[in-house]
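As structure tokens, the structure follows; a few thoughts come after it.
Just so it is clear, the structure is predicted and the values come from calculations on it, not from any experiment.
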Amino acid sequence: MKLNIETSRRIELIDITSEIEEEVRISGIQEGVCIISTRHTTAGIIINENESGLREDILNLLDRLVPPGAGYRHDRIDNNADAHLKAVLLGASETLPVVQGKLELGTWQSVFFAEMDGPRHRTVNLTILKIE
């Protein structure tokens with residue numbers, strides 16, 4: 001299954017939890033795992049709290065750790081090395097248990113698509129595996 005995402009800013013976090021939950025519901029799976037991944041090298045998948053201040057803090061932290069235009073070699077090609085490096089820090093996938101037909105998330109947890117080089121059209125892959 002695939003989720004199609006249109007990002008609107010160069011760097012942003014997009015909550016995709018409800019879309020994933022709907023795909024799990026449609027699948028009919030009761031027990032298993034849901035693998036959420038992206039094949040884009042300038043994006044990531046993360047799990048954290050969906051609070052506006054924290055979302056800003058995450059993006060600000062990434063900019064402090066990997067500032068744009070800091071003399072990266074890859075910038076000679078397409079000037080987005082910082083986006084690639086930020087994506088390395090975030091990772092391209094998360095795996096969540098499915099229990100009694102629902103994603104097993106903590107009270108404050110949400111799943112985010114992390115755009116590091118937008119705006120772009122992006123795809124998130126969902127692989128839902130049933131455990132017998």
Side-chain angles (χ1 to χ4, degrees):
M1 292 164 231
K2 294 188 186 307
L3 301 178
N4 294 307
I5 299 171
E6 296 293 332
T7 66
S8 60
R9 293 188 293 272
R10 180 157 196 272
I11 298 175
E12 65 180 309
L13 298 177
I14 299 170
D15 187 340
I16 57 173
T17 309
S18 61
E19 291 91 340
I20 298 167
E21 289 172 331
E22 179 63 11
E23 292 297 334
V24 168
R25 187 193 68 73
I26 290 169
S27 78
I29 189 175
Q30 288 301 300
E31 305 293 324
V33 295
C34 179
I35 303 164
I36 305 118
S37 63
T38 183
R39 59 190 176 102
H40 306 290
T41 60
T42 57
I45 304 292
I46 64 170
I47 296 173
N48 216 302
E49 183 175 348
N50 189 1
E51 188 276 318
S52 61
L54 180 59
R55 288 191 317 269
E56 274 186 51
D57 290 341
I58 292 167
L59 297 177
N60 288 337
L61 172 66
L62 290 169
D63 270 343
R64 282 196 311 277
L65 291 173
V66 188
Y72 308 112
R73 291 182 179 151
H74 181 71
D75 280 344
R76 293 177 295 193
I77 296 171
D78 57 9
N79 203 35
N80 68 347
D82 67 302
H84 288 281
L85 296 170
K86 289 169 184 167
V88 166
L89 294 175
L90 298 175
S93 67
E94 290 286 351
T95 301
L96 290 169
V98 176
V99 177
Q100 296 179 350
K102 297 187 179 189
L103 284 180
E104 185 83 347
L105 286 166
T107 302
W108 303 110
Q109 288 183 319
S110 293
V111 182
F112 293 93
F113 178 81
E115 174 64 77
M116 299 293 114
D117 193 29
R120 293 180 184 249
H121 172 77
R122 300 295 200 165
T123 303
V124 172
N125 296 310
L126 301 179
T127 305
I128 301 172
L129 303 172
K130 180 179 179 182
I131 295 177
E132 304 267 340

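- When side chains are defined from C-beta on, Phe112 does not count as touching Ile14, because their heavy atoms never get closer than 4.5 Å.
- Residues Ile20 and Leu96 have side chains not in contact (no heavy-atom distance under 4.5 Å, counting atoms from C-beta outward).
- Scanning both residues, Ala83 and Met116, for their nearest heavy atoms gives CB-O, 3.1 Å.
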Validation: residues 34-44 side-chain donor-acceptor distances under 3.5 Å, sequence neighbours left out:
{"unit_1": "Thr38", "atom_1": "OG1", "unit_2": "His40", "atom_2": "N", "d": "3.4"}
{"unit_1": "Thr38", "atom_1": "OG1", "unit_2": "Thr123", "atom_2": "O", "d": "3.3"}
{"unit_1": "His40", "atom_1": "ND1", "unit_2": "Arg122", "atom_2": "NH1", "d": "3.4"}
{"unit_1": "His40", "atom_1": "NE2", "unit_2": "Thr123", "atom_2": "N", "d": "3.0"}
{"unit_1": "Thr41", "atom_1": "OG1", "unit_2": "His84", "atom_2": "ND1", "d": "3.3"}
{"unit_1": "Thr42", "atom_1": "OG1", "unit_2": "Arg122", "atom_2": "NH2", "d": "2.8"}

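- Distance CD1/Ile47 to CD/Gln109: 5.5 Å, rounded to 0.5 Å.
- Between Arg64 and Pro67, the shortest heavy-atom contact is O-CD, 3.8 Å.
- Considering only heavy atoms from C-beta on, Val99 comes within 4.5 Å of Glu31 through its side chain.
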Run the numbers on Lys86 and Asp63 for side-chain contact (heavy atoms from CB on, under 4.5 Å), then give the verdict. CA-CA 8 Å; Lys86 289 169 184 167; Asp63 270 343; 2.5 Å; yes
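- The minimum heavy-atom distance between Leu90 and Ala114, with the atom names listed, is CD1-CB, 3.6 Å.
- Side-chain contact check for Asp78 versus His74: some heavy-atom pair is nearer than 4.5 Å.
- Between Asp15 and Ser110, the shortest heavy-atom contact is OD2-OG, 3.5 Å.
- Separating the CD1 atom in Ile58 from the CZ atom in Arg55 is a distance of 9.0 Å, to the nearest 0.5 Å.
- Taking every heavy atom of both residues into account, Ile128 and Glu23 meet most closely at CD1-O, 3.8 Å.
- Atom CG of Asp117 sits about 5.0 Å away from atom CZ of Arg10, to the nearest 0.5 Å.
- Taking every heavy atom of both residues into account, Ile29 and Leu129 meet most closely at CD1-O, 3.0 Å.
- The distance from the NZ atom of Lys102 to the CD atom of Gln30 is 10.0 Å, given to the nearest 0.5 Å.
- Using a 4.5 Å heavy-atom threshold, the side chains of Leu89 and Leu65 count as touching.
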